[in-house]
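These notes concern the structure reproduced below.
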Amino acid sequence: MSYDPREIETKWQDRWAREGQYEVDPQDDEATFVTVPYPYPSGGMHIGHARTYTVPDVYARYRRLQGDNVLFPIAWHVTGTPIVGAVERLKKGEADQLSVLKDTYDVPEDTLQDLETPMGFARYFVDEHYKKNMKSLGLSIDWRREFTTNDDRYSKFITWQYETLKERGLLEKGLHPVKYCTNEQNPVTTHDLLEGEEAEFQEYTLIKFGWESDGSDVTVPMATLRPETVYGVTNAYIDPDAEYARAKVDGAEWLVSSAAVEKFRLQERDVEVLEEFTGERLVGERVTNPVTQHDVLVLPADFVDADNATGVVMSVPAHSPDDWMALQEAKQDRDRMESYGIDPDEVEAIEPTAILDVEEYGEFPARDAVEEHGIDSSDDPALEDATQEVYNREFHGGVLREMYGDYAGEVVEDVRDDLKADYESRGSFDSMYEFSEEVVCRCGGDVEVAKQDTWFLRYNDAEWKEKTKRAVEGLDAIPENTREQYDHTIDWLNEWPAIRNYGLGTRLPWDDEFVIEPLSDSTIYMAYYTIAHRIEDVPVEELDRNFFDTLFMGPEAVDEPNETALDLREEWDYWYPIDYRCSANDLISNHLTFFLYHHAELFEEPKWPQGITVMGMGLLEGQKMSSSKGHVVLPAEAIEEYGADTVRFFLLNSAEPWQDYDWRSEQVQSTHDQLARFWTRANEIIEDASDVPDDPDLKHVDRWLLAKLQSTVREATDAMENFETRTASQTAFYGFEEHLKWYRKRADLDRPGAKWTLEEVLRTRLRLLAPFVPFAANELHERLDGVPVEDAAWPEPDPEFESARTEVEEGLIEALTEDVRDIVDVTETDPDTVRVYVAADWKTTVLEAVVDTGPDVGAVMGKVMQHEELREKGNEVNDLAQDLVEFVRERPDDEVAVLSEVDEQSVYESAERFLEREFDADVEVYREGEDAYDPADKAGNAVPFRPAVHLE
RNA sequence: GCGAGGGUAGCCAAGCUAGGCCAACGGCGGCGGACUCAAGAUCCGCUCCCGUAGGGGUCCAAGGGUUCGAAUCCCUUCCCUCGCACCA
């Protein structure tokens, strides 16, 4: 019977849908609840997504076979801007977007207009991609519970969550930097950018130098990323030709570049320009360092970028290679200084001030670095490397000198933030945001940092952190090494802006100008699954605080419990907590940790998540997948080509869930071929099933194969308990195929005993493989036993067939076969006779001594020498004892323990016929001594469990 | 820089958490054979080097160390991937 996966797959898919196979409700069996992040349908589904959702499915199917009542639900995440953005780009007719939709995801031309609303767009990909694919993949989802995060009832749930958090003081209002397009006058997301997607917000410290101008005090803020160098400032630079302005900033008079004026406005400062002029105005002036009170000279410099930060910079030549070179050049360029009315001698007199010590350099690190890199001009590209090197070393190893008072003797890294905050509080410093690189909007407009009012989640709250840490403690973190990543994330997690200005989702309950952002509206929604199908019957108006309080906190928590909520509470109570959350490993640092935070806060400890399994990334033919480049494989195509079972099996078998995997079509094809072979052989066994006796006569090889089956069950079960899908499927499938290969060679398969054995093996393996290849496994199991495999149970090892002795015995035959083959290969002969010599009895006596006394040559010899017969053999015994000590030491204990039960000679004799077939030669088995026919004098080489061999 | 994960034979990739059954599972590719008119599929064997007796040599990023014994433990160095926040 040929393997046509699509035929059986559609059959089972229909049957599951018809019977509502995976629709589950509370009952007596133990509840298991697994979830996976709901898909974000801002585009189609590719093979990487297929794996994401198959991992929990395999575990769900495993738990069901173990007898659990398992819930595996799904929903759709549509919150935020990506879908809105995608629709915008579609409506604008952007070529890239059209290509992704039409070429990568095969959206028909005449359907495109349906995608021109956000929910229409989402709906298309949900229906045409996600749902279809999930069903053809055979995911055991309870489809009654699906919803979107834009649904009214879901919003009521999120509203409850955020009102509760606000009431508990875990939400806070504040200002926050955002990317802001100065052309569109709107905040923008990374997706909206043409350039600078990698740009980071940098917080510059502004050191407020003072300038006396026409009798009034003007602040000249110098922007720096190294505020601790304030004591090393020797002069300042300004671009003499750029536009600058004197302006009232938050009530004080400042001098900054005209560009900076705009930045300050965006950063929520009150700015009023008093007059504008070029930078030359400040050249040659003296400004006062607010910390040291020293006056320093302002020099002209064309390397100053007036568009960056304030457009005025301070110079620390001792510690900045840039500044060092600039100062050297300024000193040499006397004419230029004079042209600006500066006395060149005054410039000449400027000396660097060293303010910290660092191991790698002498008094002036900047000078040393410049010399080391052989830099002789400020245009030298190596200057950047030198600067980076000095900055790094000084940051991690620079020790501040005595002028720093309380901070003297400290390393920069440890005190920079404190020092900065300190001077800021004294009014000497201020700060502003700037990007690390230029950022340009898709509209072509310049993007700047703006500060906006935002609501934050207070993830830095000490009590909340502590609670969440406890949640991590109680968690089954898979793999275990992710545990410290959660802890680490909790440690550094700060306030998180939880709202956006626009996008889909739930409005902030007390300010509907804002919408709750995607990472914040997806932290406890798993609880919503437990009631999602039944809450549909509750009028939206009824879903108030009281309703959800009743539902999640119980009747005691409210004055008047809502009856419907009380009813639904039973569902929630039955399914919660989550047993396993399967998610991506790169989400540990935000989403997964938020998930823990919110559970820890909003639910009682018994309802906290039990486990998180993290999943690795996918590659396609060794390369990153990319929908914009069309470098993706669509699940529908893969399933059509190979079948869903092959796709599932490949995805789960090629790596453990948390490891990265690589979809290679060549390998997938090979997986398909292996499954096809399995299918063919299974059907042969099923066709033979009528000949199989109830009480078979089992031979040694049959028992051996059955013993291997038991250890396979044991290993596969252990692996599944740990989510090791690769190990489990590898063991049950490929591992066992190796045993079968040997078995087919060794056994006479026409015997009733062999047929019984093969049927038993098939039945058990179908159960072990059912989670991975549910279609084929169900079909075959039903043909074999009359019921689908999912109605059967996960196998347990049968003690009757476990036998270390049988395994050791069969191992001897394998080893002997291999030895003979080796000799044949090496000698390139084709023997007529194979003589096998089992070691003499006295050698066995020595082995027994080793087994008894343990692998210690001295002790063994002591014991053995008590035998007179052995004493006579002296050195020979000593050599043998050494060999056997090695032999025992290298073998596992349970194997050593059964050695004495094994009768080597009869084991080989029982395999004579097999060996004769294998080598097409006569096989004779002798015992060393005992008048063995030994023409080549080989018998003496025999050692217990390593017979001597002679070929002729 | 900080945090995490890696570097294994032509390629992919096990094993390393509990050191010895490791020349190192398995797959792909390659070579040879069986079957066949032939191809495909399937099956069998080989695939680090040397070797006319089951052996020996060298090897698991590089270099040290611990040990009777290390791919596996410790130290140092080099290289790669991912995350580092307002992006889902």
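Any value given below was found using the heavy atoms of this structure, including those in side chains, with hydrogens, waters and symmetry copies removed. Keep in mind that this is a model prediction, so the values were computed, not measured. Chain letters run A, B, ... following the sequence lines, proteins first and then strands; every chain starts at 1.
The gap from the C1' atom of B:rG32 to that of B:rG55 amounts to 24 Å, rounded to the nearest Å. Nucleotides B:rA61 and B:rU8, compared at atom P, are 7 Å apart to the nearest Å. Taking atom C1' on both B:rG6 and B:rG15, the two are 15 Å apart, rounded to the nearest angstrom. Going from the P atom of B:rC48 to that of B:rG10 covers 9 Å, rounded to whole Å. A gap of 29 Å separates the P atoms of B:rA39 and B:rC49, to the nearest Å. For the P atoms, the distance linking B:rA71 with B:rG64 amounts to 15 Å, nearest Å. With both ends at atom P, the span from B:rC22 to B:rA70 equals 16 Å, rounded to whole Å. B:rU36 and B:rC21 are spaced 42 Å apart, taking the C1' atom of each and rounding to whole Å.
Under 4.0 angstrom from either OP1 or OP2 of B:rG55 there lies at least one side-chain N or O belonging to A:R946. Proximity of A:T727 to the phosphate of B:rA14: no side-chain N or O atom is located under 4.0 Å from OP1 or OP2. Dashed line: the shortest gap from a side-chain N or O of A:K624 to OP1 or OP2 of B:rC82 is under 4.0 Å. A sub-4.0 Å separation between OP1 or OP2 of B:rG45 and a side-chain N or O of A:K745 is present. Between A:S589 and B:rC84, a side-chain N or O to OP1/OP2 separation shorter than 4.0 Å is absent. Taking 4.0 angstrom as the limit, A:R726 places none of its side-chain polar atoms (N or O) nearer than this to OP1 or OP2 of B:rA13. For A:R500 and B:rC86, the shortest distance from a side-chain N or O to OP1 or OP2 is not below 4.0 Å. Side-chain N/O atoms of A:Q659 include one lying less than 4.0 angstrom from OP1 or OP2 on B:rA14.
Distance from the side chain of A:H77 is smallest for B:rA88 among the nucleotides B:rG45, B:rA88, B:rA53. Closest to the side chain of A:E484, from the set B:rG27, B:rA4, B:rC86, is B:rA4.
When both distances must be under 3.5 Å, the Watson-Crick or G-U wobble mate of B:rG45 is B:rC31. In a base pair of the Watson-Crick type (N1 to N3 plus N6-O4 or O6-N4) or a G-U wobble (N1-O2 and O6-N3), with each distance short of 3.5 Å, B:rC22 is matched with no nucleotide.
Of the N and O atoms on the side chains of A:E924 and A:Y926, at least one donor lies less than 3.5 Å from an acceptor on the other residue. Side chain to side chain, A:Q667 and A:S654 fail the donor-acceptor criterion of an N or O pair below 3.5 Å. With hydrogens and angles left out, the side-chain atoms of A:W496 and A:E517 include a donor and acceptor closer than 3.5 Å. A donor-acceptor contact under 3.5 angstrom links the side chains of A:Y908 and A:E904, judged on distance only. Checking A:T79 against A:T149 by side-chain atom types alone, a donor-acceptor pair falls below 3.5 Å. When only modelled atom types and interatomic distance are considered, A:D521 and A:H77 share a side-chain donor-acceptor pair under 3.5 Å.
Applying the 3.5 Å distance criterion, the base of B:rC2 shares no donor-acceptor pair with the side chain of A:H488. Taking only distance into account, the side chain of A:D819 meets the base of B:rG54 through a donor-acceptor pair shorter than 3.5 Å.
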